[in-house]
Colleague: 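Sharing a structure with you now.
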2 protein chains.
Amino acid sequence: MTHRSPAAGKPIKTAITDEDGIDFAIIELFFFAYRDFTSDPDQILADYGFGRAHHRVLHFVNRRPGLTVAELLDVLKITKQSLARVLKQLIDTDHIVQLQGPRDRRQRELYPTAKGRALALALARPQSRRIRAALEDSGASERPLIERFLEAMVNPELRAQIDIVPANMSGKSHGDH
Amino acid sequence: MTHRSPAAGKPIKTAITDEDGIDFAIIELFFFAYRDFTSDPDQILADYGFGRAHHRVLHFVNRRPGLTVAELLDVLKITKQSLARVLKQLIDTDHIVQLQGPRDRRQRELYPTAKGRALALALARPQSRRIRAALEDSGASERPLIERFLEAMVNPELRAQIDIVPANMSGKSHGDH
DNA sequence: AAATTACGTCAATAGTACTGACATAATTTC
DNA sequence: GAAATTATGTCAGTACTATTGACGTAATTT
């Protein structure tokens with residue numbers, strides 16, 4: 001089986017290019033960029049026995065303290081069962097606490113503890129450093145443009161999730177969407 | 001267990017912000033953007049019984065026809081065993097063929113078939129559309145800037161992988177790195 | 001009182017990844 | 001030519017993240 005099987009098609013020896021107007025350059029850059037962007041926190045998480053799923057939960061609980069389980073599922077686009085294990089571990093290790101919802105007592109509002117806040121910051125630090133360096137490389141004044149591009153990459157109907165974020169205003173000023 | 005366990009820390013009710021100079025806005029945008037960017041091909045892949053791993057292999061074999069297994073492992077940053085199953089499936093379904101290396105007969109050069117090329121294009125099409133739309137939203141002239149930013153997000157020592165790509169020159173002209 | 005909602009949990013399964021070990025063929029080195 | 005190294009393939013075992021389906025409980029709504 002080291003060679004081609006009898007019914008196999010002929011090998012194409014030319015590289016795929018921008019034929020059909022496909023933007024392979026940016027597709028590939030996006031893959032590499034995200035691969036390395038997530039590699040920073042992955043190393044820290046390994047020390048805790050956590051994975052990427054824990055990071056995402058921790059991030060959003062810190063960003064929107066008091067969100068409910070249902071809201072978290074909606075943001076992460078995963079199922080209840082997938083969240084269960086990860087959330088349980090974060091609660092057992094005292095990174096997150098849940099409080100009974102004030103209006104609806106069935107709901108669990110999720111909050112970070114001091115420990116959970118500290119870990120979220122530690123995980124975000126190398127990512128933020130990478131972003132700052134990349135912004136400087138491409139001209140520091142270009143931040144709003146990068147933000148607009150990334151936001152435009154998100155499905156329009158899901159962009160509402162972004163703007164839920166309470167207070168990330170430090171010169172954003174993109175009130176035009 | 002619906003409430004806090006006795007030893008649990010106190011809930012923090014304020015949202016994490018740009019304290020410590022952490023760029024949460026872009027961290028989060030990058031997560032959302034990549035989530036939706038990969039959701040397009042994921043739907044197509046499901047029809048074939050393939051996953052994201054198949055997509056990545058297919059992409060790079062089309063981008064660098066004739067690359068060897070070792071080179072592919074290096075680009076994907078996964079292990080031989082992880083690649084094995086995915087690559088075998090792509091070969092069995094006649095999307096990829098392997099030829100004996102001309103210089104070194106131990107090597108397997110990987111090439112796409114017409115079928116594999118077609119699938120790679122089909123997977124890239126919605127992603128490219130998304131990128132084009134996002135570029136238009138942020139001003140069509142900003143493409144080189146977005147490219148520079150994404151490239152700067154990649155680990156410097158790994159940037160060599162990007163430039164291996166044979167011919168994606170359609171007005172790139174960023175020969176300054 | 002009945003239906004619905006929010007959440008939790010159990011069981012079974014899948015996809016992607018890992019480490020470690022071992023085998024084979026081809027090339028390189030001594 | 002024999003020995004070491006290299007490129008690849010494969011086997012066994014494990015882990016993490018995710019899935020679907022089913023069921024249970026408490027609280028709210030109808």
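Lettering of chains follows the sequences in order, A, B, ..., and the numbering in each one begins at 1. Quantities reported herein were computed from a predicted structural model and do not represent experimental measurements.
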Colleague: Which one, D/dA18, C/dT9, C/dT19, comes nearest to the side chain of A/Arg56?
Modeller: D/dA18
Colleague: B/Gln98 CD to D/dA7 P: how many Å, rounded?
Modeller: 16 Å
Colleague: Write down the distance between CD1 (B/Ile91) and C1' (D/dT10), rounded to a whole number of angstrom.
Modeller: 14 Å
Colleague: For B/Arg105, check salt bridge (charged side-chain N to carboxylate O under 4.0 Å, His left out) against everything at least two apart and list the hits.
Modeller: none
Colleague: Output the single nucleotide from D/dT17, D/dT8, C/dC7 whose closest atom is nearest the side chain of B/Gln107.
Modeller: D/dT8
Colleague: Going by an N to O cut-off under 4.0 Å, is there a salt bridge joining B/Arg148 and A/Asp137?
Modeller: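 No, B/Arg148 and A/Asp137 are not salt-bridged.
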Colleague: Check this for me, if you would: do B/Glu28 and A/Arg64 make a salt bridge, where the nitrogen-to-carboxylate-oxygen distance has to be below 4.0 angstrom?
Modeller: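 Counted as a salt bridge, because a side-chain N and a carboxylate O are separated by less than 4.0 Å.
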Colleague: Checking contacts here: which listed nucleotide (C/dC10, C/dC18, D/dA18) is nearest the side-chain heavy atoms of B/Ile78?
Modeller: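 Closest nucleotide to the B/Ile78 side chain: C/dC18.
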Colleague: So, does B/Ser82 get its side chain near the phosphate of C/dT16, meaning an N or O under 4.0 Å from OP1 or OP2?
Modeller: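 Looking at the OP1 and OP2 atoms of C/dT16, neither is under 4.0 Å from any side-chain N or O of B/Ser82.
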Colleague: Find the distance B/Leu45:CG to C/dT16:C1' and express it as a whole number of Å.
Modeller: 14 Å
Colleague: Without decimals, in angstroms, what is the distance between B/Arg108 CZ and D/dT6 P?
Modeller: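 After rounding, the gap between these two atoms is 18 Å.
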Colleague: Judged by atom type as modelled, is there a donor-acceptor pair below 3.5 Å linking the side chain of A/Thr113 to the main-chain atoms of A/Asp94?
Modeller: yes
Colleague: Take nucleotides 24-30 of chain D nucleotide by nucleotide from the 5' end and write B, S or -, depending on whether a protein heavy atom sits under 4.0 Å from the base, only from the sugar-phosphate, or from neither.
Modeller: --BBS--
Colleague: Could you give the NZ-to-P distance, from A/Lys88 to C/dC7, as a whole number of Å?
Modeller: 18 Å
Colleague: Starting at CG of A/Leu90 and ending at P of D/dT17, how long is that distance when rounded to a whole Å?
Modeller: 10 Å
Colleague: Without decimals, in angstroms, what is the distance between A/Arg85 CZ and D/dT20 P?
Modeller: 16 Å
Colleague: Within the structure shown, what part of the strands sits under 4.0 Å from B/Arg52 by heavy-atom distance: base, sugar-phosphate, or nothing?
Modeller: sugar-phosphate
Colleague: Let's go through A/Arg108 and A/Thr68 carefully: what are the C-alpha distance in whole Å and the side-chain angles of both, what is the deciding distance for side chain to side chain contact (heavy atoms under 4.5 Å, CB included) to 0.1 Å, and is it a yes or a no?
Modeller: CA-CA 6 Å; A/Arg108 311 270 183 270; A/Thr68 64; over 6 Å; no
Colleague: Establish, with yes or no, whether the OP1 or OP2 oxygen of D/dT19 is under 4.0 angstrom from a side-chain nitrogen or oxygen of A/Thr79.
Modeller: yes
Colleague: Can a donor-acceptor pair be found between the side chains of A/Asn155 and B/Arg35 at a distance below 3.5 Å?
Modeller: no
Colleague: Looking at C/dG20, does its base get a donor-acceptor pair with the side chain of B/Gln81 below 3.5 Å?
Modeller: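 Under the 3.5 Å cut-off, the side chain and the base do form a donor-acceptor pair.
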Colleague: Just the rounded figure in Å: distance from C1' of C/dC7 to CG of A/Leu67.
Modeller: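 From A/Leu67 CG to C/dC7 C1': 15 Å.
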Colleague: Considering heavy-atom distances to DNA chain D, does A/Gly51 or B/Thr68 have its closest nucleotide positioned more toward the 5' end?
Modeller: B/Thr68
Colleague: Measure from the side-chain N and O atoms of A/Gln127 to the backbone N and O of A/Phe37, and report whether any donor-acceptor pair falls under 3.5 Å.
Modeller: yes
